[in-house]
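Everything on this sheet refers to the single structure shown next.
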Amino acid sequence: ATQLLSVRGLQTGVGLLVQASTLPLLAHSRNGSWQGNLRYNRLEDAAPGQWSGRFAVRNLDLALAGVPGSLNVSTANIAFDPAAIAVRRLRAEWDGIELEGEADFSSTASGPVRLNLLCAEADLSLFDKLLDSARRAPSGLLDKMRLRRAPMPDWLRTRNVSGQIEFKALHFAGGSFGPLRMMLTWKGNIAEASFAPAEFSLPGQPLAARFDGKLRAELWQPSPVYRFEANAFSWPLDKGTASGQASFRFAQFGPAWLDSLEGEFTTAQPENARIVARQGRFTWEPVASRRKPVSLSASYWPLNWPDEP
């Protein structure tokens, strides 16, 4: 058992001799403290030793591969052996987002990671920042001539993350989803998140729409491609509400997300029609009637549904 020790102390003296800096999480931290019960086993002088045990950490600044900035861990309990690592009672913050929960992962760098996290609130635009390291630089002349291609970095090629993330509030386009529970799968350059029915509302507006569906991110491109497939219910109209299926693609979650929006929202009621997005502009197109398409004007909450002729 240890008293409260600093992470920096693992990089000197006895810590170097027994490779203590390879302890889970501590190897990627620049500061903080830890306390617990550890066991170090080395069978042969020439072979590297192996750690196992349990310990608690406080005030770690973790550098994670492919994640900009650092994950600031206030507290966490860690149990591990040579094969697996379990993180419990995690309380942390990344870029102003407070989160808590647990994680399970393999001791190998490319092993699967399983998350179960609760976030107080966040803005979807922060996902652009989170995924920025997975953006490939624009093609140069040699790339276009196929004489050279930028290789995918190892951290992205081997990324294998899954689990559940719940947001008390997730802000987007001036409104908020909340609460929102998503199931995440991120393997290599493809990340997908499916979500259960959740309400989306705007401040000061009495009505809320509901969505369930899936968001897919295609990474390692000069600009990421996000694809959104969902069922939408009770989208507010100037007269009533609309429900249907949405299928869109766009290039960012930030303020200019609408400029790259492409796709359509097919409504079942109040009538069978398509709302088509092209370069951020919306057009209403009938499906079963001879009515002419109508360009829709902002704002889209509530949506100005064309009157019957």
Side-chain angles (χ1 to χ4, degrees), residues 122-129 131 167 169-178 180 182 191-219 221-309:
D123 194 292
L124 261 174
S125 62
L126 282 175
F127 282 87
D128 290 328
K129 181 175 182 178
L131 299 174
F167 297 90
L170 186 60
H171 308 303
F172 175 63
S176 298
F177 292 95
L180 177 69
M182 62 172 58
E192 293 185 338
S194 59
F195 51 94
E199 287 193 347
F200 178 81
S201 59
L202 266 64
Q205 298 294 326
L207 299 177
R210 290 186 298 116
F211 293 89
D212 66 72
K214 181 171 67 175
L215 180 66
R216 174 185 173 97
E218 299 172 7
L219 309 173
Q221 303 186 58
S223 180
V225 176
Y226 300 116
R227 300 184 187 274
F228 179 67
E229 306 279 344
N231 297 308
F233 308 92
S234 303
W235 187 275
L237 306 179
D238 49 357
K239 298 176 182 178
T241 61
S243 298
Q245 289 76 46
S247 178
F248 292 104
R249 58 177 287 170
F250 49 98
Q252 63 164 290
F253 290 109
W257 69 275
L258 195 60
D259 296 340
S260 63
L261 189 67
E262 302 280 343
E264 63 182 46
F265 174 40
T266 303
T267 64
Q269 61 88 18
E271 64 180 287
N272 195 0
R274 287 192 303 266
I275 298 173
V276 180
R278 298 186 182 94
Q279 297 180 342
R281 298 187 177 185
F282 290 86
T283 303
W284 180 90
E285 299 180 355
V287 172
S289 72
R290 296 183 178 180
R291 297 175 62 186
K292 294 182 179 180
V294 177
S295 295
L296 301 180
S297 58
S299 80
Y300 306 114
W301 189 287
L303 188 66
N304 296 314
W305 195 266
D307 294 328
E308 291 283 349

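If you read the sequence from its start, that first residue is 1, and numbering goes on from there. Because only heavy atoms are used, hydrogens play no part in the values below, and waters and symmetry mates are left out as well, while side chains stay in.
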Applying salt bridge (charged side-chain N to carboxylate O under 4.0 Å, His left out) to R274 and not counting sequence neighbours gives E264, E285
One should read off an interatomic distance between K214 NZ and E229 CD, to the nearest 0.5 angstrom, of 7.5 Å
Practice task
Would you check if T283 and P293 make a side-chain contact, meaning some heavy-atom pair closer than 4.5 Å?
Solution key: yes
Looking only at the side chains, is there a donor atom on one of T266 and Q245 sitting less than 3.5 Å from an acceptor on the other? no
message: Is it the case that the ring center of F253 lies less than 6.0 angstrom away from the ring center of Y226?
response: yes
Between P306 and V294, the two heavy atoms sitting closest are CG-CB, 4.1 Å
Heavy-atom closest pair (Q252 atom, A256 atom, distance to 0.1 Å) is NE2-CB, 3.5 Å
Taking the side chain as every heavy atom from C-beta outward, state whether L131 and L219 have any pair of such atoms under 4.5 Å apart. yes
In terms of heavy-atom contacts, L215 and F195 come closest through N-CE2, 4.4 Å
_Check: W305 and I275 side chains under 4.5 Å, non-hydrogen atoms_ = yes
Note to self: Could you tell me if the side chain of W235 sits less than 4.5 Å from the side chain of L303, heavy atoms only?
What the structure shows: yes
*asked:* What I'd like to find out is whether the side chain of L170 reaches to under 4.5 Å of the side chain of L124, using heavy atoms alone.
replied: yes
Enumerate donor-acceptor pairs with a distance under 3.5 Å from any side-chain N or O in residues 197-211 to protein atoms, sequence neighbours excluded.
none

Original post:
Does a side-chain heavy-atom distance below 4.5 Å link F228 with S247?
Top reply: no
Applying salt bridge (charged side-chain N to carboxylate O under 4.0 Å, His left out) to R216 and not counting sequence neighbours gives E192, E218
Closest non-hydrogen atoms of A242 and T267, given as atom of the first, atom of the second and distance, are CB-CG2, 4.3 Å
